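All values reported here derive from a predicted model rather than from experimental measurement.
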Amino acid sequence: MALYLHNTASGERERVYAADGEALRFYCCGPTVYGPAHIGNFRTFLVQDLFRRVVEVGGLPVHHVRNLTDVDDKTIREAAAAGEDLPTFTARWRDRFHEDAAALNLLPPREEPSAVEHIPEQIGLIERLLASGHAYATADGSVYYRIASFPRYGQLSGIDREALRENASGRLEDADEYDKESVSDFVLWKAWKPEDGEVGWESPWGRGRPGWHTECSAMSVHYLGASFDVHGGGVDLCFPHHENEIAQSEGVSGERPFVRHWFHCEHLQVEGRKMSKSLGNFLTLADLRAEGFHPMEIRWALLSGHYRKTLNFTRENARAARKALQRLADLEHSLGRGVGTAGEAPLSPSWPEVVARGTEAFAGGGDQRAAWAALEDDLNAPEALGHFLREVGRAEREGRGWEPGEAAAWFSFAGSFLGVFGIDLRAWREDRAQARPAEAPAEVAALAAERWEAKGRRDFASADALRDRIREAGWQVLDRPDGYDLEPIGD
RNA sequence: GGCGCGGUAGCCAAGUGGUAAGGCCGGGGACUGCAAAUCCUCUAUCGGCGGUUCGAUUCCGCCCCGCGCCUCCA
């Protein structure tokens, strides 16, 4: 495999490989569990999922770690507002995140550590930072990172410390932070305050809780080592979160680099505008499901742009995705019976099978090879989709004339492609079949029977009139040579 | 102001120094008694102005516009 990925740290496309030669060590900043994740969050997680799938199909196992932030200002505030204790509150949203992630067919990470479960590791990290002079405690029992002690600070995001100081000058009056040495210093341990209520842990500096940035350094190093291969997140995390992680992790270990490859995903817009609560376009998966969209349609739409460009999510795109899925389902129905090892569902091979097939599945014609090549070239999903859809069109036009062997090869390619994209066609098909009424109301069925009879008499005027009445009832008649089907209108 | 990402057909979205993938929508046609599906077919000179070049959408410069980050937002 020769997968190349843009590295924020160098600004260049670089080869992805496992330093230990065995598994790619991959850390992702996960969600803060204080409410439902929105589709912008999921865009990032989906891109990371696509990346992981490409690496694994390329033959390299991935040691994937994604954390859960279950203690911070927002979780504490919202838990209090909900009248729940913090663990109960965050567990609920954690479960919700898992449900959404499963619906979107995200592969679960190998480990999913949470901040609350790793307080000792975080305290240990802070102690080492204090010992090495990178941190200092203040009178109130908080601990801050001393940015002046880390000359490389700002290198990842290209921000220089002088500018930081100037820009931050307007916030000097922030009462909470009056005892920091420098306004740019960030908090590692926050001393307990009355509004924290029951939330707090004992530490060498008194009762308190870890600052947000602390957890990712402590947990990534704990699970993946002081230096690992790839670290992902949304572009907004580049500064200050990832910058701070570098300062913390390299500060204690002295090992460089903390992360070899920084992988940042651009943001998402909705219907041409940025997502914001005031615009009311802060979409969650549940919102879109309520509008009738299937998670697989959302997944397709969210992966249809390049990860380093802002993507405009539109309902129209989601409908285009639905159409593509329908084309695939039709194709599987017409050409795919008994083809390949997946039997009746050759376009829905299991993930282990997709991994086992590896890149061999893409060794066919030009577009098949090109689809894989596009993915290896900085994860160019839209180009890969273009090649894939050209293959779909070819199958639609030529498939009926194929020999069994040709059909099997094509379905192996297409099944693997959908596997890499994490599109579970079977789930989509079954959920939709379940969602629609299997049978028309007796009244509609009677009209349809009457129409079929009129049609048999070649009384087309009556037949058409009945078709209209059936349509008014919300159903449509689809004729076959030997009969007809009734389907609900609406999608 | 600093750093970063963009401006390609009605919409979404790739891409290349030699006259621009793919999808959706829409138009026309074939097929069908009608309808659905399917098939065929049509729709762009790439934000603006200069420059380099035999030739630029692709390289350089300037300008205009949109978006993100600049201390806890994927």
A.B. asks: Separation of A/Phe186 atom CZ from B/C72 atom P, in whole Å?
C.D. replies: 13 Å
A.B. asks: Is there a side-chain polar atom (N or O) of A/Lys190 under 4.0 Å from OP1 or OP2 of B/C72?
C.D. replies: no
A.B. asks: Is it true that A/Arg146 and A/Asp185 have a side-chain N and a carboxylate O under 4.0 angstrom from each other?
C.D. replies: no
A.B. asks: Got a sec, which residues hit side-chain contact (heavy atoms from CB on, under 4.5 Å) with A/Asn244, two or more places apart in sequence or on another chain?
C.D. replies: A/Tyr153, A/Phe186, A/His213, A/Pro240
A.B. asks: Please tell me whether A/Glu297 and A/Trp428 have a donor and an acceptor in their side chains that are separated by less than 3.5 angstrom.
C.D. replies: yes
A.B. asks: Give me the distance, rounded to whole Å, that separates B/A56 from B/G47 when you measure between the P atoms they each carry.
C.D. replies: 15 Å
A.B. asks: How long is the gap from CG on A/Leu335 to CH2 on A/Trp410, to the nearest 0.5 Å?
C.D. replies: 8.0 Å
A.B. asks: To the nearest angstrom, how far is A/Arg315 atom CZ from B/G23 atom C1'?
C.D. replies: 19 Å
A.B. asks: Rounding to the closest angstrom, what is the interatomic distance between B/A13 and B/G6 at atom P?
C.D. replies: 13 Å
A.B. asks: Just how far, in rounded Å, is P of B/A13 from CG of A/Leu302?
C.D. replies: 12 Å
A.B. asks: Pairs under 3.5 angstrom, nitrogen or oxygen only, protein versus nucleotides 65-68 of chain B, please.
C.D. replies:
from: B/G68; atom 1: OP1; to: A/Lys274; atom 2: NZ; distance (Å): 2.6

A.B. asks: With a cut-off of under 6.0 Å to the ring centre and 45° to the axis, is A/Arg66 in cation-pi contact with A/Phe45?
C.D. replies: yes
A.B. asks: Measure from CG on A/Asn244 to P on B/C69 and round the result to the nearest Å.
C.D. replies: 16 Å
A.B. asks: Can you tell me how far apart CG (A/Leu375) and CZ (A/Phe362) are? Round to the nearest 0.5 Å.
C.D. replies: 7.0 Å
A.B. asks: What nucleotide, of B/C12, B/A74, B/C25, holds the atom closest to the side chain of A/Glu316?
C.D. replies: B/C25
A.B. asks: Taking the C1' atom of each, how far is B/A14 from B/G50, in whole Å?
C.D. replies: 28 Å
A.B. asks: Can you list everything that forms a ring pair (Phe, Tyr, Trp, His ring centres under 6.0 Å) with A/His267? Sequence neighbours excluded, please.
C.D. replies: none
A.B. asks: Can you figure out which of B/A14, B/A13, B/A74 approaches the side chain of A/Lys309 most closely?
C.D. replies: B/A14
A.B. asks: Would you please enumerate the stems RNA chain B participates in, each stem being three or more consecutive Watson-Crick or G-U wobble pairs with both distances under 3.5 Å?
C.D. replies: B:1-7 with B:64-70, B:10-12 with B:22-24, B:26-30 with B:38-42, B:47-51 with B:59-63
A.B. asks: Counting only non-hydrogen atoms, which of residues 380-391 of chain A are less than 4.0 Å from RNA chain B?
C.D. replies: A/Asn380, A/Pro382, A/Glu383, A/Gly386, A/Leu389, A/Arg390
A.B. asks: For residues 29-43 of chain A, pull every pair meeting salt bridge (charged side-chain N to carboxylate O under 4.0 Å, His left out), keeping only residues two or more places apart or in separate chains.
C.D. replies: none
A.B. asks: Who are the salt bridge (charged side-chain N to carboxylate O under 4.0 Å, His left out) partners of A/Arg369, not counting sequence neighbours?
C.D. replies: none
A.B. asks: Kindly write out the residues that satisfy ring pair (Phe, Tyr, Trp, His ring centres under 6.0 Å) with A/Trp452, not counting sequence neighbours, or none if the list is empty.
C.D. replies: A/Tyr484
A.B. asks: Measuring from A/Leu106:CG to A/Arg53:CZ, what's the distance to the nearest 0.5 Å?
C.D. replies: 8.0 Å
A.B. asks: Using ring pair (Phe, Tyr, Trp, His ring centres under 6.0 Å) as the criterion, list what pairs up with A/Phe258, not counting sequence neighbours.
C.D. replies: A/Phe228
A.B. asks: Rounded to the nearest angstrom, tell me the gap between atom NE2 in A/His264 and atom C1' in B/G6.
C.D. replies: 18 Å
A.B. asks: Would you give a per-nucleotide map of nucleotides 33-38 of chain B, 5' to 3', where B means the base has a protein non-hydrogen atom under 4.0 Å away, S means only the sugar-phosphate does, and - means neither?
C.D. replies: BBBS--
A.B. asks: Could you pull out all residues at least two apart from A/Glu398 that satisfy salt bridge (charged side-chain N to carboxylate O under 4.0 Å, His left out)?
C.D. replies: A/Arg394
A.B. asks: Name all pairs fulfilling the salt bridge (charged side-chain N to carboxylate O under 4.0 Å, His left out) condition that reach into residues 299-310 of chain A, sequence neighbours left out, sorted by first residue then second.
C.D. replies: A/Asp49-A/Arg299, A/Arg308-A/Asp378
A.B. asks: How many Å lie between CD on A/Gln248 and P on B/C72, as a whole number?
C.D. replies: 15 Å
A.B. asks: What integer number of Å spans the P atoms of B/G48 and B/C11?
C.D. replies: 15 Å
A.B. asks: Counting any heavy atom closer than 4.0 Å, what does A/Gly233 reach on the DNA or RNA strands: base, sugar-phosphate only, or nothing?
C.D. replies: sugar-phosphate
A.B. asks: Measuring only the C1' atom in each nucleotide, how far is B/U8 from B/C46? A whole number of Å is fine.
C.D. replies: 4 Å
A.B. asks: Pick the P atom in B/C5 and in B/A9, then give their distance to the nearest Å.
C.D. replies: 22 Å
A.B. asks: Taking A/Lys193 first and then A/Asp73, would you say they form a salt bridge - that is, a charged N and a carboxylate O separated by under 4.0 Å?
C.D. replies: no
A.B. asks: Using atom P in both nucleotides, what's the gap between B/A35 and B/G27 to the nearest angstrom?
C.D. replies: 13 Å
A.B. asks: Taking atom C1' in both B/C40 and B/C31, what distance in whole Å separates the two?
C.D. replies: 11 Å
